[in-house]
Amino acid sequence: MTKKQTYLNYIDGQWSPSLSGKLTPSINPANREEIVGYVQDSAGPDLELAVSAANRAKGAWRKLSGAARGDYLFKAANLLEARLEDIAETMMLEMGKTFAECKGETARGVAILRYYAGEGMRKTGDVIPSTDHEAMMFTMRVPLGVVGVITPWNFPVAIPMWKMAPALIYGNTVVIKPAIETSITAAKLLACFDEAGFPPGVVNMVTGDGEVIGGGIARHADIQGITFTGSNKVGKQIGQTALARGAKYQLEMGGKNPLIVAEDANLDLAVDAAITGGLKSTGQKCTATSRVLVHASIYETFRAKLLDRVQQLKLGNGNDASTWMGPCANEKQRNTVLSYINKGIEEGASLLFGGGIPDNEDLKNGYYVQPTVFDNVTSSMTIAKEEIFGPVLALMPFDNLEEALSLANDVEYGLSASIFTQNISYILTFIADMDAGLVRINAETAGVELQAPFGGMKQSSSHSREQGQAAIEFFTSIKTVFLKG
Ligand SMILES: NC(=O)C1=CN([C@@H]2O[C@H](COP(=O)(O)OP(=O)(O)OC[C@H]3O[C@@H](n4cnc5c(N)ncnc54)[C@H](O)[C@@H]3O)[C@@H](O)[C@H]2O)C=CC1
Ligand SMILES: O=C(O)CCC(=O)C(=O)O
């Protein structure tokens with residue numbers, strides 16, 4: 001057996017082992033016996049070194065022009081593009097998505113870097129007329145300082161990139177703590193920044209336990225901004241810790257996203273959207289469809305078409321080109337999904353398909369769970385309310401659009417939502433009355449575009465927006481300048 005590689009922290013422009021001397025294996029969720037490699041199980045003193053390095057680097061980095069910072073991002077983008085296959089394969093091995101999805105996501109990472117590299121040349125302020133005709137008044141955007149980036153395992157390239165790239169282009173230095181499950185992918189991303197020649201301390205990565213390193217970032221007095229994507233529980237803790245010490249924070253958390261299928265919908269397209277939006281990436285997207293609300297007049301036809309398709313989905317290792325859906329990303333996640341499925345059954349929903357661990361011999365070493373469809377779901381059931389983050393669809397009938405929207409909005413989350421219809425009045429009502437940060441018409445609930453603002457309403461986010469030009473709002477402060485000769 002070949003010895004698996006150990007990946008290091010990246011601090012102050014150097015690859016360094018944790019002072020703790022401890023390592024954590026990264027396990028392939030498609031085969032729990034396969035160790036992908038080892039990453040540093042870091043402790044507080046490692047974080048201390050990274051934050052000090054970022055703090056030392058921030059003065060010179062913010063003084064560079066946006067164009068100069070953009071040049072570094074362009075170089076990192078080119079390196080990521082050149083390593084796309086390797087990084088995509090690492091992502092697949094660490095979290096189980098299909099190779100095609102991993103390649104798509106890595107290409108998205110390249111595009112995000114290029115988009116924000118270009119932002120370095122765009123305006124960062126406004127001229128505002130002063131009441132004093134001899135004075136000039138304008139705003140300028142200034143960086144926060146050191147930004148802590150805490151990311152999950154479900155988009156191991158895209159999420160770090162859509163947080164790090166805007167943080168850097170607007171003049172901040174960064175300390176990232178990726179999810180432990182996908183820390184090798186993160187190390188390979190950081191290698192692109194290293195080889196792009198970023199000055200030491202501008203980007204730093206410390207891998208390790210969520211509470212120790214992520215919590216350490218939230219508490220650290222020298223970190224002025226924290227951007228987080230992950231669970232609602234951890235997000236709220238980070239928000240409270242940051243608020244208590246006056247740091248800026250941005251939280252992107254869960255969703256319980258509805259897909260509404262009106263009586264005039266193109267049923268084949270709506271079925272496609274329910275399947276790809278709900279089950280691709282094994283349902284592990286905050287934008288995944290989890291509730292499918294179908295008009296009563298077409299409910300049975302839709303259900304039959306959906307079941308027919310779901311039964312044909314092929315589970316397997318992401319490296320097999322015929323695989324449609326991989327495993328859950330880790331054992332804890334599979335246990336969570338199975339416990340939600342059991343809750344659905346206990347609370348009286350009808351299990352139409354799936355509901356358990358597949359019994360195929362070739363899948364027994366992975367954290368697989370069958371794609372699952374429930375019928376007779378009511379909005380008071382746990383599976384209709386809480387984020388499952390797994391391949392589980394809950395079908396619910398409705399009689400009119402008003403009822404559909406009331407069901408769709410009857411959850412604590414408000415991230416994304418879709419409707420399938422050709423009826424312009426339904427479309428306008430849906431756009432106006434759906435409480436979600438992302439509303440999509442005749443398209444699945446998942447899939448965001450990097451140049452547009454992304455974020456949720458209600459409990460889905462801390463109400464700021466990521467991506468596109470909206471990112472400038474979080475990663476900078478506004479300075480208003482009054483200038484008189
Ligand atoms: N919105 C999204 O895209 C995501 C949502 N989730 C939701 O969260 C559930 C649990 O997944 P987890 O991986 O356990 O998410 P998590 O919220 O525990 O982890 C996300 C990130 O936060 C870090 N973290 C964990 N505890 C922390 C703490 N006390 N302080 C600071 N940072 C901490 C983790 O190490 C990771 O980097 C999923 O079932 C899903 O419902 C998970 C991943 C992504
Ligand atoms: O749907 C997407 O492309 C993005 C989803 C996402 O941001 C997430 O799951 O964290």
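Note that ligands are numbered from 1 as they come in the structure, with each ligand's atoms numbered from 1 the same way. If you read the sequence from its start, that first residue is 1, and numbering goes on from there. The structure presented is a predicted model; accordingly, all values stated were derived computationally and were not measured.
The salt bridge (charged side-chain N to carboxylate O under 4.0 Å, His left out) analysis of residues 446-464, with sequence neighbours excluded, yields no pairs. The ring-ring contact (aromatic ring centres under 6.0 Å, His included) pairs that include a residue from residues 449-474 are Trp162-Phe454, where partners are two or more places apart or lie in different chains.
Atoms of ligand 1 found under 4.0 Å from any heavy atom of Pro152 (numbered from 1 in listed order, with element): 43 (C), 44 (C). Every atom of ligand 1 is numbered from 1 in the order shown, and the set under 4.0 Å from a heavy atom of Thr229 is 1 (N), 2 (C), 3 (O), 20 (C). Contact atoms of ligand 1 toward Gly214: 30 (N), 31 (C), 32 (N) (distance under 4.0 Å to a heavy atom of the residue).
Salt-bridge formation is detected for the pair Arg219/Glu211: a Lys NZ or Arg NE/NH1/NH2 atom is positioned less than 4.0 Å from an Asp or Glu carboxylate oxygen.
Annotation: atom 4 (C) of ligand 1 to nearest protein heavy atom, Phe389 CZ, 3.4 Å. The protein atom (non-hydrogen) at minimum distance from atom 35 (O) of ligand 1 is Lys177 NZ, 2.9 Å. If you check which protein heavy atom lies closest to atom 17 (O) of ligand 1, you get Ser231 OG, 2.6 Å.
For Phe389, the heavy-atom gap to ligand 2 stays at 4.0 angstrom or more.
Residue-level proximity to ligand 1 for Glu181 is absent, since no heavy atom of it falls below 4.0 angstrom. Under 4.0 angstrom from ligand 1, the non-hydrogen atoms of Gln333 all belong to its side chain. Here Ile238 has side-chain heavy atoms under 4.0 Å from ligand 1, and that is the only part of it that gets that close. Counting heavy atoms closer than 4.0 Å to ligand 1, residue Gln284 contributes nothing at all. When heavy-atom distances to ligand 1 are checked against a 4.0 Å cut-off, Trp153 comes that close only through its side chain, counted from C-beta outward.
By the 6.0 Å contact criterion, CD on Gln451 is enclosed, its count of non-hydrogen atoms from other residues, nucleotides or ligands being greater than 12.
Phe198 has its ring centre less than 6.0 Å from the ring centre of Phe193.
Nearest to atom 27 (C) of ligand 1 by heavy atom, out of Ile217, Val337, Val234, is Val234.
When each of Ser26, Pro29, Pro156 is tested with Glu94 by the rule side-chain contact (heavy atoms from CB on, under 4.5 Å), just one qualifies, namely Ser26.
Any N or O atom pair closer than 3.5 Å counts here, and Met253 shares at least one such pair with ligand 1.
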